[in-house]
2 protein chains.
Amino acid sequence: MGHSDFTGEFNYSIDSKNRVNIPSRYRKTMNEENVCEVVISKGFDSNHIDVYPLPKWIVLRDKITASMQLVNRVHRNFIRQFTQNASHCTLDSQGRIMLTPKLMEMAGIKTNGNAVIIGMIDFMEIWDPEELKKHEENTPLTDSDFEKLEQLPLI
Amino acid sequence: MGHSDFTGEFNYSIDSKNRVNIPSRYRKTMNEENVCEVVISKGFDSNHIDVYPLPKWIVLRDKITASMQLVNRVHRNFIRQFTQNASHCTLDSQGRIMLTPKLMEMAGIKTNGNAVIIGMIDFMEIWDPEELKKHEENTPLTDSDFEKLEQLPLI
DNA sequence: TATAATTACCCATAATTACCCACAAATATG
DNA sequence: CATATTTGTGGGTAATTATGGGTAATTATA
């Protein structure tokens, strides 16, 4: 299985049926691996929606269940938050998915509104444009962040 | 895979469809390695566009993703900012790529205007001519910059 | 079980992009 | 120096993409 390479930022509309388009380039990648199902979820932040192609979701799910202990309360809470709002979606013939009201409310995404899709290499994020702007203003990467990164054997 | 050797400075026009030419010498190099796809990105500065031939991008991407953990909020923010403004382009049969409005705005590059392409050994930069001039006037390398460079096992 | 609500599937269309051809300017070649 | 080739630039058209909406099938609800 080759790496996905979801990059970029895309603006789409949410229609009256709460459908969003998935960028056609991402669809092509998924098609090549015969993936037409994704899992949308609350993910680790609470201000946007995560979209995992099914194979990626399965890897994530298995990693989590393998390393979590049910006797640990924090672990239980984490699993609950991670799966509670996760739902499977099939792309329609136009390449769209339907969002759930609960995830939309959590992310501030509105029916007949707009949404921004951001590529995160092997999964995607769906943001309300306003929330994204707010997030960018509040948490810019600082020079000290970059200094820390310089210490990694990266570039 | 041999090293690329992108050098020099080239002046091109931006047409009404936001297309820029890629220097034919660079194209030849990429052709020899069967590369017809590049990733354009905001890179680490915000006043010009970076252009990575696909193989170079993949190396960069893998270095970054390998050391990142999704449960880490700072890491997520970094990946987001890194990929958000990165987009894949295929060279057309004339050897041009189409720039995105967002990257153009960020770099001050205008439709029907001009752009300067600078070779950076194994990637390229696209500058607005005015921005480039400003940058050259404002930030020449100082002696203390060179002293810092001396500490790296570089040259 | 009957009815209402929801969802899956299909068709239509405007906007955008990819692909192609044309030509002028610049460069290389004999 | 004349001619051929490559390179940069512009634009038309077919194909793709994004988006909206209708209707049958499915699911939920009384």
Side-chain angles (χ1 to χ4, degrees), chain A residues 6-32 35-40 51 54 87-105 109-119 124 126-129, chain B residues 6-32 35-40 51 54 86-105 109-119 124 126-127 129:
Chain A
F6 303 141
T7 64
E9 194 188 297
F10 303 81
N11 248 287
Y12 294 117
S13 55
I14 308 287
D15 67 19
S16 59
K17 296 175 182 177
N18 296 337
R19 295 175 297 190
V20 223
N21 191 54
I22 299 294
S24 80
R25 217 177 62 75
Y26 299 3
R27 280 184 265 154
K28 263 179 204 146
T29 306
M30 291 197 285
N31 260 332
E32 281 163 18
V35 178
C36 60
E37 197 180 332
V38 299
V39 175
I40 59 175
V51 184
L54 190 57
S87 74
H88 290 251
C89 309
T90 308
L91 301 219
D92 72 12
S93 55
Q94 263 49 251
R96 293 168 292 193
I97 57 173
M98 206 181 64
L99 303 176
T100 66
K102 204 172 175 193
L103 284 174
M104 286 175 68
E105 203 208 312
I109 291 172
K110 286 161 288 295
T111 305
N112 292 316
N114 285 87
V116 179
I117 295 195
I118 296 177
M124 313 154 214
I126 306 181
W127 289 76
D128 169 66
Chain B
F6 303 141
T7 60
E9 192 188 301
F10 303 80
N11 247 287
Y12 295 117
S13 56
I14 309 286
D15 69 17
S16 60
K17 295 177 182 177
N18 297 337
R19 294 176 297 191
V20 224
N21 191 54
I22 299 294
S24 79
R25 212 171 60 75
Y26 298 2
R27 278 184 266 155
K28 263 178 204 148
T29 307
M30 291 197 284
N31 260 331
E32 282 162 17
V35 178
C36 61
E37 199 180 331
V38 299
V39 174
I40 59 176
V51 184
L54 190 58
S87 77
H88 289 251
C89 308
T90 307
L91 300 220
D92 71 12
S93 54
Q94 264 49 251
R96 294 168 291 191
I97 57 172
M98 205 181 64
L99 303 177
T100 65
K102 203 172 175 197
L103 284 174
M104 286 175 68
E105 204 207 312
I109 292 172
K110 286 161 288 295
T111 305
N112 293 316
N114 284 86
V116 179
I117 295 195
I118 297 177
M124 313 155 213
I126 306 181
W127 289 78

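Throughout, protein chains are lettered first and strands after them, A, B, ... in sequence-line order, and every chain is numbered starting at 1.
- Projected onto DNA chain D by closest heavy-atom contact, K17(A) and S13(B) fall at different nucleotides, the more 5' of which corresponds to S13(B).
- In this entry the distance linking CD1 of I97(A) with C1' of dA8(C) reads 15 Å, nearest Å.
- For M98(B), the listed nucleotide lying nearest its side chain is dT17(C); candidates were dA18(D), dT17(C), dG21(D).
- In this structure, Q94(A) places its CD atom 10 Å from C1' of dA12(C), rounding to the nearest Å.
- Between the CG atom of N112(B) and the P atom of dT9(D) there is a distance of 12 Å, rounded to whole Å.
- The aromatic rings of F6(B) and Y26(B) are tilted relative to each other, their planes meeting at an angle between 30° and 60°.
- Straight-line distance from the CG atom of D15(B) to the P atom of dT17(C): 13 Å, rounded to whole Å.
- If you take CZ of R19(A) and P of dG22(D), they are 11 Å apart, rounded to a whole angstrom.
- Side-chain atoms of N112(A) and S16(A) form no donor-acceptor pair, as typed in the model, at a separation below 3.5 Å.
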Step by step, work out the side chain to side chain contact (heavy atoms under 4.5 Å, CB included) result for N21(B) and Q94(B).
CA-CA 8 Å; N21(B) 191 54; Q94(B) 264 49 251; 5.9 Å; no
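- We find that CZ of F10(B) is positioned 16 Å from P of dA26(C), with the value rounded to whole Å.
- Atom-to-atom, CG of N18(B) to P of dG11(D) comes out at 14 Å; the value is rounded to the nearest Å.
- Taking 3.5 Å as the limit, the base of dG10(D) and the side chain of R96(B) contain a donor-acceptor pair of atoms between them.
- Of the two residues contacting DNA chain D, namely R25(A) and D92(A), the nearest-nucleotide position lying further toward the 5' end is that of R25(A).
- Between M104(A) and T111(A) the shortest side-chain heavy-atom distance falls below 4.5 Å.
- When heavy atoms are screened at a 4.0 angstrom cut-off, S24(B) is found touching the sugar-phosphate backbone but no base atom.
- Remark: P of dG8(D) and CG of L91(B) are 12 Å apart, rounded to the nearest angstrom.
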